[in-house]
Engineer: 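Just passing along the structure, written as structure tokens.
Start at 1 and go down the list; that is how both ligands and their atoms are numbered. Just the heavy atoms: all of them, side chains too, but no hydrogens, waters or symmetry mates, feed the values below.
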Amino acid sequence: MAYKTVNPYTNEVVKEYPYATQEQIESALSNANDLYNKWKLEVPQSRAKQLHEIADLMRQNSDDLAKTMVTDMGKLLREAKGEVELCAMIADYFADHGAELLKTKKLETIATGDAQVKKHPLGTLLMVEPWNFPYYQIMRVFAPNFMVGNPMLLKHAAITPGSALAFEKIVKDSSAPDASLTNLFLNYDQVSDVIADPRIQGVALTGSERGGRSVAKAAGFNLKKNTMELGGTDSFIVLDDADIDEVTKIAWRARLYNAGQVCTSSKRFIVADNLYDQFVAKLKENFAKGKPGDPMDNQTTLAPMNSEKAKDKLQSQVDEAIEKGATLAYGNEPVDLSGQFFQPTILTDIKPDNPAYSEEMFGPVAQVYKVSSEQEAIDLANDSDLGLGGIVFSGDPKRGEKVASKIETGMVFVNNFMVSLPELPFGGVKNSGYGREMSDLGLNAFVNEQLIVTATKPNMDNLAGGLVATDPE
Ligand code: NAP
């Protein structure tokens, strides 16, 4: 069986699903293409009501949707409910603003005639999504592209099939056309075949560098537009004038939210030497408060990781980091529960030749670095192949902003937790990928921005210097 829910708290195999058949794939492609041909004749506004309905259905079914996610990948129930609400907010935002953001744009030009850029849908998209935010990752692509008029096929992570089906059901229970979103349990070869199909016009992937390279290769070979939302080793910079009380209230959350399994989790804390000892002491204190247990229970504050495989990988990264010279400042003790728990852990004294210096650790492990100047903090933050997000804390917000603009990542928050909201663009640079999701940038990721220039009658007078054939002498 290909797709499988294994509850990471109980280790119970909940349900297994076979790979999609050729007939299912063909039917999904054909129905999506028919819908594209219908949608391209309609205006985005005509879909707004259906998207609001999807938001309403998510809110009405929040408890069940959240429990499905918890069973699939183990996150805390209250965090799961927050994720459902965020999905509803994203759907509402694009329902309210999508049509306006997709309006035709008039251009000033010396060309004869009226120039305008019209925004048309591209066609059917394939989205390939990860398990860490099983609904939010889908919604980031779904809501904007539903307004654009691009039908979507979903290939979700193999460990979150329950969530994939639950999201698809919400869409099918609404008055949106069934082919708006079709879940397919695809294997990797089938993903490549679907990308190669001429009816697919774009590919959106969120996931690891490894997955991203493979899917981007297939998309590139087939000349399909694509966006890549990949991993991060985000830094949390504490400048020497930062308010340490504010910093410590946020730092542990920035690492432990979603059991540390967030692309934009703060993975490297880069702390000015005057605040370093205080920072590490407080981080230990806050990490020690984590209460492992059933993620469905509201008293639990430390959730299991998503799978045994993920926990084993993190354990081997921590073991290797220590073996290669890192100091274990806190944690790394086994948790006495059968689920896939990993004790929050703090590593210090990580040198550039330690593999931990450059690897993404996708779980509750914080790396803390001591620096003696602002420039050293910036250089260290930028000494990474990845460039997703980051946080800067300073007593002077303007100084924080200046430092933020020197960080080579797609997103930086000053004096606050990183948040993801529909109006804010989300995405990275370097090996963290390319393209943006959400905001007007995400809405326009898979749009044919078609130029139309209309003259009442041809006029050659004002084309000097243009790329036009001149009359033979
Ligand atoms: P992953 O292994 O790359 O999986 C992500 C998705 O890609 C899954 O659906 C996976 O399918 C699929 N996939 C992987 N390799 C593939 C291939 N060769 N061909 C076709 N599909 C393939 O990522 P992960 O490790 O589960 O997710 C965690 C990573 O995602 C972290 O690095 C994290 O930082 C990153 N992430 C980035 C963002 C962002 O917005 N930038 C957000 C969240 C997570 P299977 O499950 O079947 O393998």
Engineer: Where the closest heavy atom to atom 18 (N) of ligand 1 is concerned, which of Ala218, Ala157, Ser214 has it?
Structural biologist: Ser214

Engineer: Atom 43 (C) of ligand 1: which protein heavy atom is closest, and how many Å away?
Structural biologist: Gln137 NE2, 3.0 Å

Engineer: Please list the nearest protein heavy atom to atom 14 (C) of ligand 1 with its residue and the distance rounded to 0.1 Å.
Structural biologist: Tyr188 OH, 3.5 Å

Engineer: So, Trp39 versus Phe146, ring centres under 6.0 angstrom or not?
Structural biologist: yes

Engineer: Looking at Tyr276, I'd like to know if the NZ or CZ of Lys370 sits under 6.0 Å from its six-membered ring centre while staying within 45 degrees of the ring's axis.
Structural biologist: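 Verdict for Tyr276: a cation-pi partner in Lys370.
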
Engineer: Determine whether the side chain, the backbone, both or neither of Ile159 has a heavy atom under 4.0 Å from any heavy atom of ligand 1.
Structural biologist: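 None of Ile159 does.
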
Engineer: Could you check whether Lys406 pairs with Asp379 (Lys NZ or Arg NE/NH1/NH2 to Asp/Glu carboxylate O, under 4.0 Å)?
Structural biologist: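 The answer is no: the pair does not qualify as a salt bridge.
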
Engineer: So how far is it from Asp72 CG to Lys4 NZ, rounded to the nearest 0.5 Å?
Structural biologist: 13.0 Å

Engineer: What atoms in ligand 1 come closer than 4.0 Å to a heavy atom of Leu388?
Structural biologist: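 The atoms of ligand 1 under 4.0 Å from a heavy atom of Leu388 are 41 (N).
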
Engineer: Exactly one of Phe393, Tyr369, Phe236 should register a ring pair (Phe, Tyr, Trp, His ring centres under 6.0 Å) with Phe269. Which one does?
Structural biologist: Phe236

Engineer: Closer than 4.0 angstrom: is that true for some heavy atom of Phe426 and an atom of ligand 1?
Structural biologist: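 Yes.
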
Engineer: What atoms of ligand 1 come closer than 4.0 angstrom to any heavy atom of His156?
Structural biologist: 9 (O)

Engineer: Heavy atoms only: which of Thr206, Asp234, Thr160 is nearest to atom 5 (C) of ligand 1?
Structural biologist: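 Nearest option to atom 5 (C) of ligand 1, by heavy atoms: Thr206.
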
Engineer: Return the closest protein heavy atom for atom 9 (O) of ligand 1 as residue, atom name and distance.
Structural biologist: Glu129 O, 2.8 Å

Engineer: Atom 23 (O) of ligand 1: which protein heavy atom is closest, and how many Å away?
Structural biologist: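 Its nearest protein heavy-atom neighbour is Ser208 N, 3.2 Å.
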
Engineer: Hey, which atoms in ligand 1 end up nearer than 4.0 Å to a heavy atom of Ala158?
Structural biologist: 45 (P), 46 (O), 47 (O)

Engineer: Go through ligand 1 atom by atom and flag the ones less than 4.0 Å from a non-hydrogen atom of Arg140.
Structural biologist: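 So the answer, numbered in order with elements, is 39 (C), 40 (O).
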
Engineer: Do any N/O atoms on Ser432 end up under 3.5 angstrom from N/O atoms on ligand 1?
Structural biologist: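 No, Ser432 has no N/O under 3.5 Å of an N/O on ligand 1.
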
Engineer: Identify the protein heavy atom lying closest to atom 32 (O) of ligand 1, giving its residue, its atom name and the separation to 0.1 Å.
Structural biologist: Glu360 OE1, 2.7 Å

Engineer: To the nearest 0.5 angstrom, please state how far the CE atom of Met438 sits from the OG atom of Ser420.
Structural biologist: 3.5 Å

Engineer: For atom 10 (C) of ligand 1, which of the options Glu437, Met228, Lys155, Glu229 provides the nearest non-hydrogen atom?
Structural biologist: Lys155

Engineer: I want to know whether Phe185 and Tyr19 have ring centres closer than 6.0 Å.
Structural biologist: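 Between Phe185 and Tyr19, the centre distance exceeds or equals 6.0 Å.
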
Engineer: Does the distance from a Lys or Arg side-chain N to an Asp or Glu carboxylate O, for Glu360 and Arg268, drop under 4.0 Å?
Structural biologist: no

Engineer: Considering non-hydrogen atoms of the protein only, which is the closest contact for atom 2 (O) of ligand 1, and what is the distance?
Structural biologist: Arg210 NH2, 2.9 Å

Engineer: Going by an N to O cut-off under 4.0 Å, is there a salt bridge joining Glu246 and Lys249?
Structural biologist: yes

Engineer: Before signing off on this row, confirm whether Leu205 and ligand 1 have an N or O atom pair separated by under 3.5 Å.
Structural biologist: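 No; every N/O pair is 3.5 Å or more apart.
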
Engineer: To check your reading of the model: name the closest protein heavy atom to atom 38 (C) of ligand 1, its residue, and the distance in Å.
Structural biologist: Cys263 SG, 3.0 Å

Engineer: Centre of Phe426's six-membered ring, under 6.0 Å away, within 45 degrees of the axis: is that where NZ or CZ of Arg140 sits?
Structural biologist: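 The answer is yes; both the distance and angle limits are met.
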
Engineer: Identify, by atom number and element, the atoms of ligand 1 in contact range of Val215, meaning under 4.0 Å from any of its heavy atoms.
Structural biologist: 19 (N), 20 (C), 21 (N)

Engineer: Tell me which protein heavy atom sits closest to atom 24 (P) of ligand 1, plus the residue, atom name and distance to 0.1 Å.
Structural biologist: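 Sorting protein heavy atoms by distance from atom 24 (P) of ligand 1 puts Trp131 NE1, 3.6 Å first.
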
Engineer: Are the charged groups of Glu85 and Arg59 less than 4.0 angstrom apart, N to O?
Structural biologist: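 Counted as a salt bridge, because a side-chain N and a carboxylate O are separated by less than 4.0 Å.
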
Engineer: Output yes when the distance from some N or O of ligand 1 to some N or O of Gly207 is under 3.5 Å, and no in every other case.
Structural biologist: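 Yes, at least one N or O pair falls under 3.5 Å.
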
Engineer: Under 4.0 Å between a Lys/Arg side-chain N and an Asp/Glu carboxylate O for Asp197 and Arg199?
Structural biologist: yes

Engineer: Between Glu320 and Lys324, is there a salt bridge with N-O shorter than 4.0 Å?
Structural biologist: yes

